[in-house]
Amino acid sequence: MTVRTRFAPSPTGYLHIGGVRTALFNWLFARKHGGQFILRIDDTDQERNVEVALQPILDGFRWLGIDWDEGPEVDGPHAPYYQSRRAERHKQAAQQLLDAGLAYRDYATSEETQAERATAETEKRDYIYSRKWMAETDEQAAPFEAEGRQCVVRLKMPREGKCEFHDLIRGDVSFDWAKEQDHVIQRADGSCLYHLASVVDDADFKISHVIRAAEHLSNTPRQIFIAQSLGYSPPEFAHLPYVAEPGGSAKISKRKLDKYLKNRDFKQLFDHGERIANLIGHHVSADTFNPVIVDFYREVGYLADALVNYLLLLGWSLDDKTEEFTRDEMIQYFSLERVNKAPASFDPQKLSAFQLRQMQQLPIKQKVAMAVPFLQKAGYIASPPSCDTAPKLTRIVEAAGDRIKTAGDILELIEFLVADDQLEFDEKAFEKRVRKDGAIDLLRSFRDVLADVEPFDDETCEAALRSFIELKGIKIGEIIHALRVAVTGKGVGIGMFDALAILGKDSCLARIDRALERV
RNA sequence: GGCCCCUUCGUCUAGCGGUCUAGGACUCCGGCCUUUCACGCCGGCAACACGGGUUCGAGUCCCGUAGGGGUCACCA
């Protein structure tokens with residue numbers, strides 16, 4: 001049997017982090033078994049512009065390197081892969097169920113069913129539809145029709161026995177049929193509902209394994225019923241635990257941003273992203289820019305591999321120590337048996353740790369390439385960059401080392417790219433380190449030392465400063481902080497001598513002069 | 001509330017009856033390195049939810065309890 005898995009997003013305009021993990025597991029499972037991964041768009045009942053709402057989702061998957069064998073933009077033997085365009089097929093299936101007597105026309109108004117539901121609730125018993133307005137034959141339907149009622153199609157669910165199935169992750173699961181509702185599968189206007197459509201599409205697309213979020217576990221009996229009623233043998237099921245919120249155990253949701261911001265680690269993740277977003281003029285709104293949405297990470301300059309690796313370990317592990325995987329290794333080692341049953345909470349710190357490790361393994365050249373678009377968006381370098389930018393950028397990135405944790409962090413080093421008279425001084429740092437007895441004089445005299453340094457590279461600069469402090473009989477700390485603030489405008493940053501060398505003599509002198517003037 | 005699912009350090013997890021005085025990673029806390037900030041290095045704190053069984057022996061199997069969560073649409 002060929003393994004065929006699918007991920008079926010509805011076009012909501014964004015890619016949810018939990019959805020990505022589900023998709024990733026589907027993708028890995030398909031790749032591992034040499035099968036196909038299919039993207040199907042569940043746009044039943046969507047009124048919005050599907051094209052527009054789908055694009056961010058497709059872009060997200062492409063960025064993450066999760067490719068699909070069949071689906072939007074690539075098509076395939078079962079095209080179209082949009083549920084809305086398969087409406088006729090779904091109607092046909094509904095008719096088939098009707099013909100087989102496994103579904104019926106129901107003439108109840110929604111007020112009537114709601115009333116039944118309410119009664120059941122006040123009487124504290126399980127709600128189960130009375131089937132009072134059920135019509136299985138035209139004769140039964142006639143009086144309702146005469147009243148001018150409209151009908152929907154409901155599943156005629158079994159009312160005894162159990163639905164038992166084996167879940168690849170949770171083992172044997174069972175539900176009482178009697179607790180299942182006669183779910184509506186087709187509306188009065190003829191349009192079909194998700195569960196019918198989904199089962200039909202899965203069968204038509206020859207999906208072998210339905211790997212999805214655990215919230216669908218309780219939907220499984222009705223889907224099995226539909227599949228069996230239609231004469232399909234149901235696919236294998238695997239229900240993944242959901243991704244839980246940071247520091248909590250509830251399912252993570254993009255709507256609870258305010259709550260998550262109270263979590264220190266999450267806030268740190270968000271604040272960092274917001275800082276970068278502001279610098280590149282990216283619009284920040286909870287709907288589109290939010291760590292629960294994958295786009296956030298791309299926007300801030302995370303590595304797709306880091307995110308994917310992190311997400312992989314959220315609910316799956318290989319053994320007691322391996323944490324880093326290349327894509328090939330993931331594919332090689334992935335298995336549903338090693339997926340956990342309990343929800344795993346999203347930990348921003350651990351994600352950052354993966355990001356750092358991946359960045360450390362990246363060649364300088366690649367880091368520079370990643371940084372360029374950020375500088376362009378923020379307007380610090382021309383697009384395309386002039387030819388002298390590359391060497392300078394390389395030096396900055398090299399000197400910055402692990403300080404650049406995401407590509408966007410380059411924007412926190414713009415002191416090396418702005419004109420001398422545009423350099424902004426951090427007021428607090430300036431107050432503390434420059435506007436201080438002794439520091440001003442030392443800075444003034446060291447300025448003159450620097451003026452004679454030749455060649456102006458990091459080693460010579462360092463040698464100059466070392467002999468300067470020896471001559472003055474001071475400790476390095478007494479001058480270097482003032483020097484840093486004068487030259488970079490900040491109290492913290494890359495190695496001092498790297499900074500001097502990158503800026504060059506003229507800039508350094510000009511900046512020191514400017515600092516001395518504003519004292 | 002009904003049904004279903006879940007339960008090992010703060011977090012992600014290893015553990016599939018004895019090798020567990022429970023291992024790793026992240027975080028946190030010390031210390032080192034050091035011109036700042038990162039990084040790096042060294043060390044430390046920290047968990048089998050509880051109660052019954054089964055067994056010579058239980059984190060590992062069974063049953064309860066508690067807690068957490070999911071789901072109960074003419075949404076997907």
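First the proteins, then the strands, lettered A, B, ... as listed; each starts at 1.
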Margin query: Looking at the base of B:rA73, is there any donor atom on it, or on the side chain of A:His183, that sits under 3.5 Å from an acceptor on the other one?
Written below: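 Looking at the base of B:rA73, it does not pair with any donor or acceptor on the side chain of A:His183 (distance under 3.5 Å).
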
Could you tell me how far [M] sits from [N] if I compare only their [atom1] atoms? Round to whole Å.
| N | M | atom1 | result |
| --- | --- | --- | --- |
| B:rG69 | B:rU27 | C1' | 24 Å |
| B:rU11 | B:rC56 | C1' | 38 Å |
| B:rC29 | B:rC45 | C1' | 7 Å |
| B:rC63 | B:rU54 | P | 15 Å |
| B:rC4 | B:rG43 | C1' | 46 Å |
| B:rU21 | B:rA58 | P | 12 Å |
| B:rU7 | B:rA47 | C1' | 12 Å |
| B:rU8 | B:rA14 | C1' | 10 Å |

Any strand counts, and the cut-off is 3.5 Å on both contacts for Watson-Crick or G-U wobble. Which nucleotide pairs with [N]?
| N | value |
| --- | --- |
| B:rG1 | B:rC72 |
| B:rG51 | B:rC63 |
| B:rA58 | none |
| B:rU11 | B:rA25 |

Under 4.0 Å between any heavy atoms, over every strand shown, what does [X] touch: base, sugar-phosphate, or nothing? Just pick one.
| X | answer |
| --- | --- |
| A:Ser110 | base |
| A:Arg40 | nothing |
| A:Ala482 | nothing |
| A:Arg117 | sugar-phosphate |
| A:Phe354 | nothing |

Would a distance-only check, ignoring hydrogens and angles, find a side-chain to backbone donor-acceptor pair under 3.5 Å from [X] to [Y]?
| X | Y | answer |
| --- | --- | --- |
| A:Arg170 | A:His239 | yes |
| A:Glu478 | A:Lys475 | yes |
| A:Asp201 | A:Ser198 | no |
| A:Ser191 | A:Arg187 | no |

Can you check the [X] [atom1] to [N] [atom2] distance for me, whole Å?
| X | N | atom1 | atom2 | value |
| --- | --- | --- | --- | --- |
| A:Gln268 | B:rC26 | CD | C1' | 13 Å |
| A:Met157 | B:rA73 | CE | P | 13 Å |
| A:Asn219 | B:rA76 | CG | P | 11 Å |
| A:Leu240 | B:rG69 | CG | C1' | 15 Å |
| A:His195 | B:rA76 | NE2 | C1' | 8 Å |
| A:Arg6 | B:rA76 | CZ | P | 14 Å |

Next item on the list: Measure from the side-chain heavy atoms of A:Arg154 and tell me the nearest of B:rC75, B:rU36, B:rC74.
Entry: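 The answer is B:rC74.
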
Next item on the list: Give the nucleotide from the list B:rA76, B:rG70, B:rU27 with an atom nearest to the side chain of A:Lys251.
Entry: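 That would be B:rG70.
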
Check: Between A:Lys162 and A:Glu164, does at least one N-O distance fall below 4.0 Å, as a salt bridge requires?
Finding: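 Judged by the 4.0 Å cut-off on N to carboxylate O distance, A:Lys162 and A:Glu164 do not form a salt bridge.
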
Next item on the list: Please determine which of A:Phe325, A:Phe25, A:Tyr333 meets the ring pair (Phe, Tyr, Trp, His ring centres under 6.0 Å) test together with A:Trp316.
Entry: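 Of the listed residues A:Phe325, A:Phe25, A:Tyr333, the ring pair (Phe, Tyr, Trp, His ring centres under 6.0 Å) partner of A:Trp316 is A:Phe325.
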
Check: How would nucleotides 37-43 of chain B be written as a contact map, 5' to 3', with B for base contact, S for sugar-phosphate-only contact and - for no contact, using protein heavy atoms under 4.0 Å?
Finding: BBSS---

Next item on the list: Encode nucleotides 1-14 of chain B as B, S and - characters from 5' to 3', where the letter depends on protein heavy atoms closer than 4.0 Å: B to the base, S only to sugar-phosphate, - to neither.
Entry: -SSSSSS---BBSS

Check: In chain order, what residues pass the ring-ring contact (aromatic ring centres under 6.0 Å, His included) check against A:Phe468, with sequence neighbours excluded?
Finding: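 Expected list: A:Phe446.
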
Next item on the list: Tell me, please, whether A:Phe205 has A:Arg6 positioned over its six-membered ring: NZ or CZ under 6.0 Å from the ring centre and within 45 degrees of its axis?
Entry: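 A:Arg6 over A:Phe205 ring: no.
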
Checklist line | Nearest-nucleotide comparison on RNA chain B, the residue closer to the 5′ end among A:Arg466 and A:His216 | finding: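 It is A:Arg466 whose nearest nucleotide is closer to the 5' end.
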
Next item on the list: On RNA chain B, check which nucleotide each of A:Asp265 and A:Glu462 is closest to and give me the residue with the more 5' one.
Entry: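 With A:Asp265 and A:Glu462 compared, the 5'-side residue is A:Asp265.
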
Next item on the list: Quick one: list whatever passes side-chain contact (heavy atoms from CB on, under 4.5 Å) with A:Gln92, sequence neighbours left out.
Entry: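 Counting only residues at least two positions away or on another chain, A:Gln92 forms a side-chain contact (heavy atoms from CB on, under 4.5 Å) with A:Arg89.
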
Check: Listed by chain and number, what are the salt bridge (charged side-chain N to carboxylate O under 4.0 Å, His left out) partners of A:Lys436, not counting sequence neighbours?
Finding: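 For A:Lys436 there are no salt bridge (charged side-chain N to carboxylate O under 4.0 Å, His left out) partners, ignoring immediate neighbours.
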
Next item on the list: Give the intermediate values and the outcome of ring-ring contact (aromatic ring centres under 6.0 Å, His included) for residues A:Phe270 and A:Tyr260.
Entry: CA-CA 10 Å; A:Phe270 179 82; A:Tyr260 305 158; over 10 Å; no

Checklist line | Pairwise side-chain hydrogen bond (donor to acceptor under 3.5 Å, both in side chains) hits with a residue in residues 490-501 of chain A, at least two apart | finding: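 Residue pairs passing side-chain hydrogen bond (donor to acceptor under 3.5 Å, both in side chains), neighbours aside: A:Glu415-A:Lys490.
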
Check: A:His239 stacking on B:rG70: centroids under 5.5 Å, ring planes under 30°?
Finding: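 The base of B:rG70 is not stacked with A:His239 (the test needs centres under 5.5 Å and planes under 30°).
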
